[in-house]
There are 2 protein chains.
Amino acid sequence: MAVSTNCYGDPMVDELAPRFAQRATWKLSTVAQRSHQLLAAAFAERGRRGYDFRVLAALDHFGELHQAAIGRHTGLDPSDVTQTVRDLEAAGELTRLPSSEDRRRMVIAITPAGKRTLSRLESAIDTAEAALLAPLSDAQRERLLEGLEVLAQAHDRR
Amino acid sequence: MAVSTNCYGDPMVDELAPRFAQRATWKLSTVAQRSHQLLAAAFAERGRRGYDFRVLAALDHFGELHQAAIGRHTGLDPSDVTQTVRDLEAAGELTRLPSSEDRRRMVIAITPAGKRTLSRLESAIDTAEAALLAPLSDAQRERLLEGLEVLAQAHDRR
DNA sequence: TCAAAACGTTGGTGACGCCAACGATATGGA
DNA sequence: TCCATATCGTTGGCGTCACCAACGTTTTGA
């Protein structure tokens, strides 16, 4: 028996316990999890992950950066920057050269291939984001975004 | 120097790249991450994690359940149910007995200690949730929740 | 009766976020 | 100028959450 029955004897699809399913934090994490699924799948198709996108986007926007700056502009831990930059360099998406001014630093720059990858990832994200938000009316979407904006600002990463 | 300077020479706190920081999915994941931080910290103080809470909540709400049913009522993978139930049983929060009707099944029931833990976790979650949503006005909160509700429903776990 | 399904378990994988510690280098104040 | 302090990149690790494949056991339903 794959379904349980409620007190009326009706067949009942297994339900999540309201004890947590009604919580704002649960709904939030459900939606975020779905978002992550869609994005991770889109990235994985291209052999990349969220970290790669963030690093490429930061380089494209700010130009050359050393790794610590990449970390600050992406919210990544320095150790994760190291790994991500290593992967992206191996894939030819960026260059990594020792700084002439500061011998501790590595100067990272996006390559043309990296820019192409970035725009491909960006389109994939557009698609995923559209799929995620599709169930909302325009008004609902705007109101949701307003709340997220306020909270994201208040609980800033950085 | 912990800050960089913009083109006007003003000191500038390192900013996230708008390329992703302006995306709905980014804001969503930022807020969800913050929520997770608050909840995980609250759980960790009591030596528990989200899985434990979900399992206890399901048992408290539905009564005795076998493990597969716990999985369906919590969104957990069966293998994670196994681990979580093992931990909770070791802590005396639930009992685990072979079913007399179906020798494949284990019948799980919450104990009084488990109920106490559950209500303590619940208070901690209340606090965390309040802290998370505090920056919102009542109207903003309601509008945010409406959007999350629609999306959580549409992209249901199950 | 017997193939198919369900059950619980073991032992993984991956993404993301984070931490401690280290050697090398740069900086700034005494 | 010297030296404590800070920063940089790196290694190796941890925890949470979500998920998967494979397995032996037991139940089911055609």
Side-chain angles (χ1 to χ4, degrees), chain A residues 1-3 14 20 25-26 28-30 32-44 47-55 65-72 74-87 89 96-108 157-158, chain B residues 1-4 14 25-26 28-30 32-44 47-55 65-72 74-87 89 96-108 157-158:
Chain A
M1 188 167 71
V3 297
D14 287 311
F20 57 83
T25 46
W26 173 261
L28 176 64
S29 90
T30 298
Q33 165 60 15
R34 179 73 181 127
S35 170
H36 175 67
Q37 269 181 9
L38 292 167
L39 291 177
F43 291 145
R48 307 252 72 97
R49 358 182 249 159
Y51 284 7
D52 299 307
F53 170 66
R54 289 201 236 168
V55 168
L65 292 172
H66 64 280
Q67 295 186 196
I70 292 179
R72 292 186 215 106
T74 57
L76 264 64
D77 186 90
S79 63
D80 295 320
V81 174
T82 295
Q83 285 297 328
T84 305
V85 163
R86 193 208 316 288
D87 293 348
E89 189 195 14
R96 183 174 165 279
L97 295 169
S99 164
S100 51
E101 295 158 5
D102 187 332
R103 287 195 295 167
R104 293 171 304 179
R105 295 184 173 179
M106 302 299 295
V107 176
I108 314 298
R157 276 154 139 130
R158 240 172 22 201
Chain B
M1 188 168 68
V3 297
S4 30
D14 286 311
T25 47
W26 174 260
L28 176 63
S29 92
T30 298
Q33 165 62 15
R34 179 71 180 132
S35 170
H36 175 67
Q37 269 180 9
L38 292 167
L39 292 178
F43 291 145
R48 307 251 71 96
R49 3 182 243 156
Y51 283 5
D52 299 306
F53 170 66
R54 288 200 237 169
V55 167
L65 292 172
H66 63 279
Q67 294 185 195
I70 292 179
R72 291 186 216 107
T74 57
L76 264 62
D77 185 89
S79 63
D80 295 320
V81 175
T82 295
Q83 285 296 326
T84 304
V85 163
R86 192 209 316 289
D87 293 348
E89 188 194 16
R96 183 173 165 278
L97 296 169
S99 164
S100 50
E101 295 158 6
D102 186 332
R103 288 194 294 169
R104 293 171 305 180
R105 294 184 173 178
M106 302 299 296
V107 176
I108 314 298
R157 278 155 139 128
R158 238 174 20 205

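Here is how names work: the chains are called A, B, and so on, in the same order as the sequence lines, proteins then strands, and each is numbered from 1.
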Handout entry: Candidates C/dA26, C/dC7, C/dC19 - which lies nearest the side chain of A/Ser79
Key = C/dC19
Handout entry: Side-chain donor or acceptor of B/Asp87 paired with backbone N/O of B/Thr84 under 3.5 Å
Key = no
Exercise for the section: May I ask you to verify if any side-chain N or O of B/His36 is less than 4.0 angstrom from the OP1 or OP2 atom of C/dG17? Expected result: no
Exercise for the section: Between D/dC19, D/dT11, C/dC18, spot the one nearest the side chain of A/Gln33, thanks. Expected result: D/dC19
Exercise for the section: Let me know the distance between CZ of A/Arg48 and C1' of C/dG14, rounded to the nearest Å. Expected result: 15 Å
Problem - Sugar-phosphate only, base, or nothing, as touched by B/Gln37 at under 4.0 Å among non-hydrogen atoms - result: sugar-phosphate
Practice task
Assign A/Phe43 to base, sugar-phosphate, or nothing according to its heavy-atom contacts below 4.0 angstrom with the strands shown.
Solution key: nothing
Problem - Side-chain N,O (A/Arg104) to OP1/OP2 (D/dT7) below 4.0 Å - result: no
Exercise for the section: Side chain of B/Arg49 only, please: which of C/dG8, C/dG17, D/dC17 is the nearest? Expected result: D/dC17
Practice task
Please check the phosphate of C/dC7 (OP1 and OP2 only) for any side-chain N or O of B/Arg72 closer than 4.0 Å.
Solution key: yes
Exercise for the section: Would you mind reading off the distance between A/Gln83 atom CD and D/dG9 atom C1', rounded to a whole angstrom? Expected result: 12 Å
Practice task
Apply the test side chain to side chain contact (heavy atoms under 4.5 Å, CB included) to residues B/Arg49 and B/Asp52: give CA-CA distance (whole Å), side-chain angles for both, the deciding distance (0.1 Å), then the verdict.
Solution key: CA-CA 6 Å; B/Arg49 3 182 243 156; B/Asp52 299 306; 3.5 Å; yes
Handout entry: Which nucleotide in C/dC7, D/dA18, D/dG12 has an atom nearest any side-chain atom of B/Ala68
Key = C/dC7
Problem - Side-chain touch A/Met106/A/Ser99, heavy atoms, less than 4.5 angstrom - result: no
Completion exercise
In terms of heavy-atom contacts, B/Ser35 and A/Thr25 come closest through OG-CG2, 3.4 Å
Exercise for the section: Quick one: label A/Gly50 by what it contacts on the DNA or RNA (base, sugar-phosphate, nothing), any heavy atom closer than 4.0 Å. Expected result: sugar-phosphate
Fill in the blank from the handout: Judged by nearest nucleotide, the residue sitting upstream toward the 5' end of DNA chain D, B/Ala40 or B/Arg103, is B/Ala40
Exercise for the section: Could you please spell out the steps behind the side chain to side chain contact (heavy atoms under 4.5 Å, CB included) verdict for B/Tyr51 and B/Asp80? Expected result: CA-CA 8 Å; B/Tyr51 283 5; B/Asp80 295 320; 3.7 Å; yes
Exercise for the section: Figure out the CG/C1' separation between B/Leu65 and C/dC7, and round it to whole Å. Expected result: 15 Å
Problem - Nucleotide nearest A/Gln67 when distance is taken to its side chain, options D/dT27, D/dC19, D/dG9 - result: D/dG9
Problem - Nearest-Å distance for atom pair CG/C1', residues B/Asp77 and C/dC7 - result: 13 Å
Handout entry: Beyond-backbone contact of A/Ile70 with A/Arg54, side-chain heavy atoms, under 4.5 angstrom
Key = no
Exercise for the section: Can you tell me the distance, in whole Å, between the CG atom of A/Leu38 and the P atom of D/dA18? Expected result: 15 Å
Exercise for the section: Mind calculating the distance between CZ (B/Arg105) and C1' (C/dC7) to the nearest angstrom? Expected result: 8 Å
Practice task
Starting at atom CZ of A/Arg86, determine the distance to atom P of D/dG9, rounded to an integer number of angstrom.
Solution key: 13 Å
Handout entry: Along DNA chain C (nearest heavy atom to each residue), the more 5'-positioned of B/Asp102 and A/Leu76
Key = B/Asp102
Fill in the blank from the handout: Rounded to whole Å, the CD1-P distance (B/Ile70 to C/dA6) equals 18 Å
Problem - Residue closer to the 5' end of DNA chain D, A/Val85 versus A/Ser29 (nearest nucleotide) - result: A/Val85
Fill in the blank from the handout: Among the nucleotides C/dC18, D/dC17, D/dC19, whichever has the atom closest to the side chain of A/Asp80 is C/dC18
